[in-house]
Structure formats: C-alpha cells, structure tokens
Amino acid sequence: MDDVCIIESEKIRNKVDGNFVDLVLHTILKLKKQVLVFNNSKRSSQTSAHAIANAIKLEDIENKDKLEELSMKIYNALPHPTSQCRKLRECIKKGVAFHHSGLVTKQRTLIEKSFREGLIKAISSTPTLAAGLNLPAYKVIIKDYKRYSQRGMIDIPILEYHQMAGRAGRPGSEDIGKTVLCVKDEKNVQDIATKYVFGESEEIISKLAVEPTLKMYILSLISMDMINTKEEIKDFFKSTLYAHQYQDIESLNFNVFRIIDILKDYKFVSQDDDYYMGTELGKKISKLYLNPDTANYFLVNLPKFVKRFNNDSISKYDVYSVINFFCNTLEMRPLFRAYVNERAVYEKTLEDIGDDLIVKFDPFESDIDAFLNSLKTSDVFESWISEAPEDYISDKYNVTPGELNYKVGVMDWLLYCLEEIAFLKKELYFKNFLKKLRVRFQFGIKSELLPLVALKGIGRTRARKLFKSGYKKLLDIKKADEKMLARVVGEKIAISLKEQMSDGQEVVEKPLTPKKPSNIKAQYEEDVSEDEIDVLITNYNEFEEEKKEVNMNLTDYF
DNA sequence: GGACGGTGAAACTTCAGGTTGCCTC
DNA sequence: GAAGTTTCACCGTCC
C-alpha cells in the first residue's frame, strides 16, 4: 500500500515539477475541477492564493464579469476597505480566494457560496475550512503538516489531517477525490505517508482534565439540580469519558470536591449536610455560561467599579480601565499581541496610567508580556469605540477586521454578563453605564452617537455623517427637512428616518440593543423586589427626556 | 572625498481558531 | 521550522 503513495508522489512530481501552484493550475485549468489548499498561517494562505492568482493568465479565466462583480462585493464588505480587502479583490478577479479568521463574515460567506457554485476555482485557507464547514473539492492540497506552537514546530494531529483530507471528493457529484500532502524533504516522504495516510487517528481526549472546563460543568450540573448529593456527584463523574480514560477515580473525586469547595468559597454553591445546591448567584453564573473564576473576578472587583462610577464625572481613563479589566479575563484570550516594536509604547502606557487601572500590574506576580498584550488589546478596543475605521485599526495594530469583530463579540458577551451581575448586586447606576458601553461596542461609536444608532438603517458611518451635519439628536431628525436629510444619508434612508420619526410610529428595536424597562421588569419579576425595579425605572427615566420631547415610543438606547 | 543607491547576507520577527449570553415581532 | 521583513555592511557610481 505504501507504494501507492510513492508512485502517486512520483507522478505528481513529474507532472508539476514539485510546485504546488502547477498542481493547482493543472487541476483547475486542465481537469476543470476545484481545489482547496491548506496552509498553517494566515499570511501563507494569502501568499499561496497570490501565487496561484498570479500564475493564471487572463485568457484562462472563466466568468470574468461575474468574478469582477464578486470581487467588488467582497472589497466593499467594509465601509473602509483594508489592504487585506484589496489583496482579496485581486485574487477573486482570477477565481482564487484566501480564507481565514481575519476576513469578516460577509466576505467568508460570499467566498464559500461562490466556491459551491463553481465560480471560485481555488481557495487557499488556514484550517478554518477544515472544521465544520461543508465545502468539498475535487482536490485538497495540504501544504504544511507542521504548525507553530509554543513548544516550537509540531506535526499536526492525524485527526486534523483527516479533517482536511476529508474535504476531497464531492459526495453525490464525483466518484473520487484526491489529497496531496506536501513533504519538503524527500527522505521524510515514507515516514509522513505512514503516519498520516495509513496511520490511526489519535484518541479523543476528555476536556474535563482542563480545570476551567471542569469548574464550569460542576457548577452547571449542581445548579441545574442534576447532581446534588456526594454519591450522585461521584456516580456521575465515574461514568465520564475522563474517568474511563484515566482510571484514577480517587484523584478525579479529589479534584471534583476541591473545585466544589472553591465554588462554595465563591458563594456559587451552598451545602446542607450531604446536599449541594446552586445559589441564586451560582445559577445565574451558570446560565450566563461564564467561567466561575471570571465571575468571581467580576464580583470581587465590583466595589471598585461602584466607587469609581457612581458619580457623574466619568473620564476617558475610567472607560479605558474598564476595557482593560475585561482584557484580563480568561475569555478574552488569546489577546492581540504587542509586537516587539510596539512594546515601548505599552511600557510607557503602563508607566503613565498603570496606577489608574482597575487591575494593577504586579511586577512579582503578573506576566509582563500578557499585561502588555492586555494594554494593546485595550487600545484596539478603545480605538474601535472612538470610531477608528477598520483600515486604520488594521494598519496601526495589525488586527484584521475579522479578528476585531470576533473580539468585539466576546466583549459584548462579557459586558452583558457583568451587567447582569451588577443588576443582581443592585448596582443599577453601574449597570446603566455598562449598557451604554455595550451599545458603543456593538456599533463602534462614541457616546454622542448613541441616540442616532437607535434608528433603523443607521450604523456608525451614517450616524457620524448625520452628527457632523448637525443632526445630533432624534429631535433634530424629527424637525429636519427630508430633502436636506437625503443629502446626508441618501433618499431611501431619509424616507425611512422620517417614517420612523412620524408620530405614533414605533421605532423597531435593533437586535442586541438593551431592553426596555418593561421587559426588564418581566424578566426579573421573580428575582427582585418592586422597589428595586422602581429604582431601575427611575434611572432609566433620567435618560428619557428626549423621548418625551419627541413624543415617541422609542427604544431605550442607554 | 562624500553622498547615494543597489545588493545580498545576516539577524530578527512572527506564526490557527472561534465555545458561550441575551432578544423578537 | 520557515517565510517574510528589517538591518547593515559592502561596493560601485556619480557629482
């Protein structure tokens, strides 16, 4: 069987002279089939795509017009296209794409759809495409079987090879699929073939061995009353994959009860003789799917926030310190990396405002690299909510729009979690602050645009345009002349804005915008007293003046 | 002789991804 | 470990 592999490799070598680009060209131009190329980094996935695109002659391109149209759609997926968008556009024109986490969802979806339709002939990607996504191709080329890790370069797991190789062949439409695994050193060919092509996959390892995961599951199982007594707990873990794999039930039990003790310290679990149960707080944390350590970190630091935020003068540094606070959670990892040439900047930041941060740098305890990364990540976030365009963030920080979007999503979730915890702890003023900050993250805007983004069809770009033209509040829009508005946002949007502002017209709540007080009341009726709800609504009403002014049933945008 | 530009070797830097919370007619 | 980027020494040319 081993010979098959070698023979195949000989054939390929003769045909394509050992160059993967020739192999791709042969497949898409001669065989008229599609190819997926897997790389081990974002950069090399782009480089490979370029190499393929450059090798394709103009006269060989099919559906030029459609590709041109697609390339512009992909390029304009962002209001401020980045250099990455430009590079992608050039590849797409030749029917080639690169695909990795740096692209925004819209771009990825367009590429995947066009590949399925046969418009795009080759995709060069990181392992993103191997997991989950159903995107088969006639040929799969695995360019790298090694990947960088903190322990140096390591061979990818066999399981992952199978994931990638499994994309070859289109069930239902083609009889065969081919996978080519590139091995640079001739003398390794046999070993690599034996390992990956003919070898057995690794065993699936239980994730319960990872403490944060175990903590989350224990809290959730106890909170949901699935296991409550010592016996039930022991029985449950005895039957897990973890126990099956490690056999050492005693040490497993020891770990489980040690973690339960921590959860008791956190006051997420309470104990009555032999019976364990989730506290209100514990149930909430579990429902939020928040790591108990992070939840505790939130709770421990809550008084610091309250001291700082229960007054009207919130400075830029206060907002920065909150952002940095979130950047020091487990959930936010991996952080954006402070590169060697950026370190001095963040060391200076640390020196200048280190004392103002909620989480202080401890030279004996903290890891300086991680701390500098947290400062860089905070900087990126701060730029985002100061309306820095994606191309600026990409150039300045080397953070791509896709990575930014993903991290903003994590931030949104964490803000929501702390908001809920603040509510439980009756810190309503602080909760309001978080709510407002969340909307700023969702849209990437400064506070002054908050009223405007409550309108349908208005995001960060249009809101800023409106603001610059003097339409700063909803009342300004209500009073505005439609034609004048159209000059700023175009005719269609202007009509929509006027419609939204007409009397009796309810403004439709955008997804993810905070809830109205009536909803909050409904949601928490069981959890809090009438008085507490009254306080919340009073707080809310402070922000309602403008709403009364325009006599509308607006959403709560604060 | 000094400024400038081109060249190539050496040194340095970087390196995948994407779970989970709410809502809504 | 490999690929891309930056730095630096060296050399030739021109004014």
Side-chain angles (χ1 to χ4, degrees), chain A residues 38-48 50-51 98-105 108 124-133 142-157 160 163-164 182-185 188 207 210 212-213 216-217 219-220 283-292 294-295 298 329-334 336-343 398 400 402-421 423 431 434-435 438-439 442 456 506-516 518-520 522-524 555-556:
Chain A
F38 286 108
N39 307 262
N40 66 359
S41 74
K42 285 184 280 220
R43 187 160 63 183
S44 73
S45 80
Q46 294 191 190
T47 313
S48 302
H50 273 287
F98 53 83
H99 188 290
H100 53 65
S101 67
L103 308 187
V104 290
T105 315
R108 284 205 247 179
S124 165
S125 86
T126 54
T128 11
L129 276 191
L133 246 149
I142 301 168
K143 251 193 84 198
D144 310 284
Y145 63 89
K146 281 185 181 293
R147 162 144 3 103
Y148 172 83
S149 81
Q150 285 181 334
R151 288 167 287 141
M153 285 309 263
I154 51 161
D155 285 8
I156 57 166
E160 210 176 298
Q163 282 264 4
M164 296 193 273
C182 299
V183 184
K184 289 187 180 74
D185 199 336
N188 293 335
K207 279 211 165 179
V210 188
T213 314
M216 283 180 77
Y217 280 108
L219 177 60
S220 130
K283 282 180 188 162
K284 187 74 204 173
I285 303 305
S286 163
K287 233 178 129 186
L288 290 169
Y289 212 84
L290 191 60
N291 179 283
T294 306
F298 282 1
T329 58
L330 193 74
E331 285 78 356
M332 203 50 93
R333 283 184 205 165
F336 296 132
R337 213 183 133 182
Y339 300 115
V340 176
N341 60 352
E342 294 174 320
R343 284 181 68 103
N398 194 23
T400 54
E403 293 166 308
L404 177 66
N405 274 5
Y406 175 71
K407 278 282 189 285
V408 166
V410 176
M411 184 61 119
D412 182 58
W413 166 47
L414 290 177
L415 279 165
Y416 173 77
C417 290
L418 186 54
E419 215 189 300
E420 293 289 283
I421 290 173
F423 188 89
K431 178 189 157 62
L434 290 172
K435 213 171 176 187
R438 239 185 110 201
V439 181
Q442 282 153 11
K456 206 178 135 200
E506 190 178 335
V507 172
V508 180
E509 196 174 325
K510 289 187 179 180
L512 293 172
T513 31
K515 298 174 275 289
K516 295 174 198 173
S518 57
N519 294 348
I520 295 173
Q523 193 187 345
Y524 291 105
T555 45
D556 165 24

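These numbers were taken from a predicted model, which means no experiment stands behind them. Worth knowing before you read on, the calculation uses all heavy atoms, side chains too, and leaves out hydrogens, waters and symmetry mates. In what follows, chains carry the letters A, B, and so on, assigned in the order in which the sequence lines appear, proteins first and then strands, with residues in each chain numbered from 1.
- Rounded to an integer number of Å, the gap from Glu160(A) CD to dG18(B) P is 11 Å.
- Atom NZ of Lys407(A) is separated from atom P of dG17(B) by 11 Å (rounded to the nearest Å).
- Side-chain atoms of Asn39(A) and Ser125(A) include no donor-acceptor pair closer than 3.5 Å.
- Protein atom CD of Gln150(A) is 16 Å distant from nucleotide atom C1' of dG1(C), rounded to whole Å.
- With sequence neighbours left out, the salt bridge (charged side-chain N to carboxylate O under 4.0 Å, His left out) criterion links Lys184(A) to Asp144(A).
- Taking atom P on both nucleotides, dA16(B) is separated from dA3(C) by 15 Å, rounded to a whole Å.
- Candidate nucleotides dG18(B), dG21(B), dA16(B) were compared by shortest atom distance to the side chain of Asp412(A), and dG21(B) ranks first.
- Atom pair Met332(A):CE and dG17(B):C1' shows a separation of 16 Å (rounding to whole Å applied).
- If you measure from atom CZ of Arg43(A) to atom C1' of dT5(C), you get 8 Å, rounded to the nearest angstrom.
- Nearest nucleotide to the Val410(A) side chain, out of dG1(C), dT20(B), dG21(B): dT20(B).
- Distance Lys146(A) NZ to dA16(B) P: 17 Å, rounded to the nearest Å.
- Between Ile156(A) atom CD1 and dG1(C) atom P the separation is 17 Å, expressed in whole Å.
- Stacking here means ring centres nearer than 5.5 Å and ring planes tilted less than 30 degrees, and by that measure Tyr289(A) does not stack onto dT20(B).
- Applying the ring pair (Phe, Tyr, Trp, His ring centres under 6.0 Å) test to His100(A) and every residue at least two apart in sequence or in another chain returns Phe98(A).
- OP1 or OP2 of dG4(C) has at least one side-chain nitrogen or oxygen of Thr47(A) nearer than 4.0 Å.
- For Lys435(A) and Glu419(A), the salt-bridge test fails: no basic side-chain N is under 4.0 Å from an acidic carboxylate O.
- With hydrogens and angles ignored, a donor-acceptor pair closer than 3.5 Å exists between the side chain of Tyr406(A) and the base of dT19(B).
- DNA chain C contains the following stems of three or more consecutive Watson-Crick or G-U pairs, with both distances under 3.5 Å: B:1-15 with C:1-15.
- Using modelled atom types, one finds no donor on one side chain facing an acceptor on the other under 3.5 Å when comparing Ser44(A) with Thr47(A).
- Ranking dC22(B), dT20(B), dA16(B) by closeness to the Arg147(A) side chain, first place goes to dA16(B).
- When the nucleotides dT14(B), dG1(C), dA16(B) are ranked by their closest atom to the side chain of Thr126(A), dA16(B) comes out on top.
- More than 12 heavy atoms of other residues, nucleotides or ligands shown are found within 6.0 angstrom of NZ on Lys143(A).
- Salt-bridge check for Lys407(A) with Glu331(A): failed, with every basic side-chain N at 4.0 Å or more from each acidic carboxylate O.
- Picking from dA3(C), dG17(B), dC15(B) the nucleotide with the shortest atom distance to the side chain of Ser101(A) gives dG17(B).
- Between Arg337(A) and the phosphate of dT14(B), there is a side-chain N or O to OP1/OP2 separation shorter than 4.0 Å.
- For Lys42(A), a side-chain nitrogen or oxygen approaches OP1 or OP2 of dG17(B) to under 4.0 Å.
- The structure places CD1 of Ile421(A) at 6.5 Å from CG of Leu288(A), a figure rounded to the nearest 0.5 Å.
- The 5' end of DNA chain B is approached more closely, in terms of each residue's nearest nucleotide, by Ala338(A) than by the other of Ser286(A) and Ala338(A).
- Contact annotation: Tyr339(A) reaches the phosphate of dC15(B) (side-chain N/O to OP1 or OP2, under 4.0 Å).
- For Ser44(A) and dG4(C), the shortest distance from a side-chain N or O to OP1 or OP2 is not below 4.0 Å.
- Comparing dT20(B), dG1(C), dG17(B) by their closest approach to the side chain of His100(A) singles out dG17(B).
- Here dC22(B) is the nucleotide among dC22(B), dA3(C), dG18(B) with the atom lying nearest to any side-chain atom of Arg438(A).
- Under 4.0 angstrom from either OP1 or OP2 of dA16(B) there lies no side-chain N or O belonging to Thr128(A).
- With values rounded to the nearest 0.5 angstrom, His99(A) atom NE2 is found 8.0 Å from Thr126(A) atom OG1.
- dG18(B) atom C1' lies 14 Å from atom CG of Leu404(A), rounded to whole Å.
- Asp144(A) comes within 4.0 angstrom of no nucleic acid atom, judged by non-hydrogen atoms across all strands.
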